[in-house]
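Take a look at the structure set out below.
Every value quoted in this text rests on a predicted model; they were computed, and no experiment measured them. All values below come from the heavy atoms of this structure, side chains included, with hydrogens, waters and symmetry mates left out.
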Amino acid sequence: MEFTEKFDAAEPTHRLVTRRLSGVKDWDELGGVTVENRAIRVLMDYGTVVHIGLDPEHGQFETVQRELTQVPDSKCIFVGSDHEFRASLPEDRALVESLLEIPDGDTDAWTDRLFYFVEFAVLTDQSWLYRSVPHEAHIREINAGEHEGVIEKLNETFAQVRGSAIVPFGGLASWTFNGTTYDLKWNSLYCSYREQSTSYELERLRQVTALFSENVLRLDWKPVSEESLLRRTVWRVLGSESATPPAQIEIPTGEDGEKILDAFRQLREKLGYEYDVETSSD
């Protein structure tokens, strides 16, 4: 998704993320669609307008065409949008929520929600607040810079929702040691050295142990043999490094090192990862 220049000026501050939990469907309580809808309900409390990009194949397209205002090309906020509609808040909120919901097991509504509901944005008088491409789960971006309290409210909403959270857009921690840059994202540890880079999924992590006396983190990962055949095949194609995570990484001294360990703790608590976090004097 691309915004027009006017609405793309503000950078995202946070993102909504959801792990793919085993056995959970999109419309389940912990599923990706239900989770996003829960966030949108909060965000619409702060917004004044919603913009929706809708495919004519959507089951409620004629209703939307009749009930909402179609945005002229000169005022579209989605680049290349053919059918962009504007909903006012709170007047049109019920209709917007009806477009978002998926009844349990309704595959037609699931198709509408993920593929024919093309783009979505919540706006305020000042800027955009939330933007999403429903079939691209990694594009769930929040711009909270002008809206005090919205992230706190979202955090309260997701405090008891296993596998989903609001996280900083740029990641939770970043540091460089001996030429290698480490970035702790919500779902991976990203390592880059010169022109080479590798990402290791946190789903594989079993334990993080900090040895502050040596300025290192010891990382215990699930062995390759415990992963699925599909994943092992992908690793063989991409190269062995992606299948062999580092057993130890260097961290900065003092408070900066403590913040990195705390970032691992935050991800475990917010997203329900199963790894342990410990400190050791060894």
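In this structure, the separation between CD on E201 and CH2 on W221 is 9.5 Å, given to the nearest 0.5 Å. Here CD of Q70 is found 8.5 Å from CG of D73. Values are rounded to the nearest 0.5 Å. For the atom pair CG (L205) and CD (E274), the distance works out to 11.0 Å, reported to the nearest 0.5 Å. Rounded to the nearest 0.5 angstrom, C76 SG and D82 CG are separated by 9.0 Å. Rounded to the nearest 0.5 Å, atoms CG (D45) and CD1 (I40) are 12.5 Å apart. Taking CG of N187 as the reference point, atom NE2 of H138 lies at 11.5 Å (rounded to 0.5 Å).
Ion pairing of E62 with R66 is absent here, as no side-chain N (NZ or NE/NH1/NH2) approaches a carboxylate O to less than 4.0 Å. A salt bridge is absent between E269 and R265: the closest approach of a Lys/Arg side-chain nitrogen to an acidic carboxylate oxygen does not fall below 4.0 angstrom. A salt bridge links E203 and R19; the closest N-O separation between the charged side-chain nitrogens and carboxylate oxygens is under 4.0 Å. Residues R15 and E141 are not paired through a salt bridge, judged by the lack of any N-O separation under 4.0 Å between the basic side chain and the carboxylate. Contact check on E36 versus R113 returns a salt bridge, with a Lys/Arg side-chain nitrogen under 4.0 Å from an Asp/Glu carboxylate oxygen. Under a 4.0 Å N-O distance rule, the pair R41/E101 qualifies as a salt bridge.
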inquiry  = Run H14 and R140 through side-chain contact (heavy atoms from CB on, under 4.5 Å) and show every step you take.
reply    = CA-CA 9 Å; H14 296 76; R140 295 180 171 181; over 6 Å; no
key: Stepwise side-chain contact (heavy atoms from CB on, under 4.5 Å) test for Y46 and V122   = CA-CA 9 Å; Y46 294 81; V122 178; over 6 Å; no
query = Could you go step by step and tell me if I249 and L189 meet the side-chain contact (heavy atoms from CB on, under 4.5 Å) rule?
reply = CA-CA 11 Å; I249 59 175; L189 176 64; 4.1 Å; yes
request  = Could you walk me through whether D92 and L68 pass side-chain contact (heavy atoms from CB on, under 4.5 Å), step by step?
outcome  = CA-CA 8 Å; D92 300 316; L68 300 182; 3.7 Å; yes
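Two residues are said to be in side-chain contact when any heavy atoms from C-beta on lie closer than 4.5 Å; S199 and S197 fail this criterion. For the pair V161 and R38, the minimum side-chain heavy-atom distance is below 4.5 Å. For the pair L154/L16, no side-chain contact is recorded, criterion being any heavy-atom separation below 4.5 Å from C-beta on. Here the side chains of I166 and I151 are in contact, with some heavy-atom distance below 4.5 Å. A 4.5 Å side-chain heavy-atom check between L261 and V277 finds at least one atom pair inside the cut-off. Side-chain contact between V64 and I52 is absent, with no heavy-atom pair separated by less than 4.5 Å. Side-chain contact check for D276 versus V208: every heavy-atom pair is 4.5 Å or farther apart.
With Y130 as reference, I142 is the one residue of T124, V50, I142, V42 to meet the side chain to side chain contact (heavy atoms under 4.5 Å, CB included) rule.
Put simply, L129 and M44 are part of the same group of oily side chains (I, L, V, M, F, W, Y) that touch within less than 4.5 Å, one to the next. Note: the hydrophobic cluster containing Y193 does not contain Y190 (ILVMFWY, side chain heavy atoms under 4.5 Å, direct or indirect links). Transitive grouping of hydrophobic side chains (ILVMFWY, heavy atoms separated by less than 4.5 Å) keeps V35 and F169 in distinct clusters. In this structure, F117 is not a member of the same hydrophobic cluster as W110, with clusters built from ILVMFWY side-chain heavy atoms closer than 4.5 Å. Residues Y182 and I251 share a hydrophobic cluster, clusters being chains of Ile/Leu/Val/Met/Phe/Trp/Tyr side chains in contact below 4.5 Å.
No donor-acceptor pair under 3.5 Å is formed between the side chain of S127 and the backbone N or O of L123. The backbone N or O of W128 lies less than 3.5 Å from a partner atom in the side chain of N143, making a donor-acceptor pair. A donor-acceptor distance shorter than 3.5 angstrom exists from the side chain of N37 to the backbone of L100, with no hydrogens or angles considered. At least one donor-acceptor pair closer than 3.5 Å links the side chain of Y275 to the backbone N or O of F264. Looking only at distances, no side-chain donor or acceptor of W186 sits under 3.5 Å from a matching main-chain atom of L271. When atom types are taken as modelled, the side chain of D28 and the backbone of L30 share no donor-acceptor pair closer than 3.5 angstrom. Put simply, the side chain of T34 gets close to the backbone of W27: a donor and an acceptor are under 3.5 Å apart. Not one N or O on the side chain of D256 forms a donor-acceptor pair closer than 3.5 Å with the backbone of P252. Proximity of a side-chain donor or acceptor of D106 to a complementary backbone N or O of A109 within less than 3.5 Å is detected. Checked by atom type and distance alone, the side chain of N215 never pairs as donor or acceptor with a backbone atom of E250 at under 3.5 Å.
The shortest heavy-atom contact between G59 and D112 is N-OD2, 3.1 Å. Smallest separation of non-hydrogen atoms from A263 and L184: CB-CD2, 3.7 Å. Nearest heavy-atom pair, K185 versus L267, reported as atom, atom and distance to 0.1 Å: O-CD1, 3.4 Å. Looking at every heavy atom in both residues, S98 comes nearest to Q60 through O-NE2, 3.4 Å. The shortest heavy-atom contact between A173 and I260 is CB-CG1, 4.3 Å. Between F85 and Q65, the shortest heavy-atom contact is CE2-CA, 3.8 Å.
The local environment of CD in E91 is crowded, with over 12 non-hydrogen atoms from other residues, nucleotides or ligands closer than 6.0 Å. Surrounding CD of E255 are at most 12 heavy atoms belonging to other residues, nucleotides or ligands under 6.0 Å away.
Donor-acceptor pairing under 3.5 Å is recorded for the side chains of E84 and H51. For the residue pair T176 / T181, a side-chain donor-acceptor distance below 3.5 Å is found, with atom types taken as modelled. Between the side chains of T209 and S280, no donor N or O sits under 3.5 Å from an acceptor N or O. Donor-acceptor pairing under 3.5 Å is lacking for the side chains of T13 and E11.
Residue pairs that meet the side chain to side chain donor-acceptor pair (under 3.5 Å) test with at least one member in residues 150-166, sequence neighbours left out, are T18-S164.
Both tests do not hold together for R268 against Y273: distance to the six-membered ring centre under 6.0 Å, angle to the ring axis within 45°.
Taking the six-membered ring where tryptophan is involved, the planes of F115 and H135 are essentially parallel, since the angle between them stays under 30° and well short of 60°.
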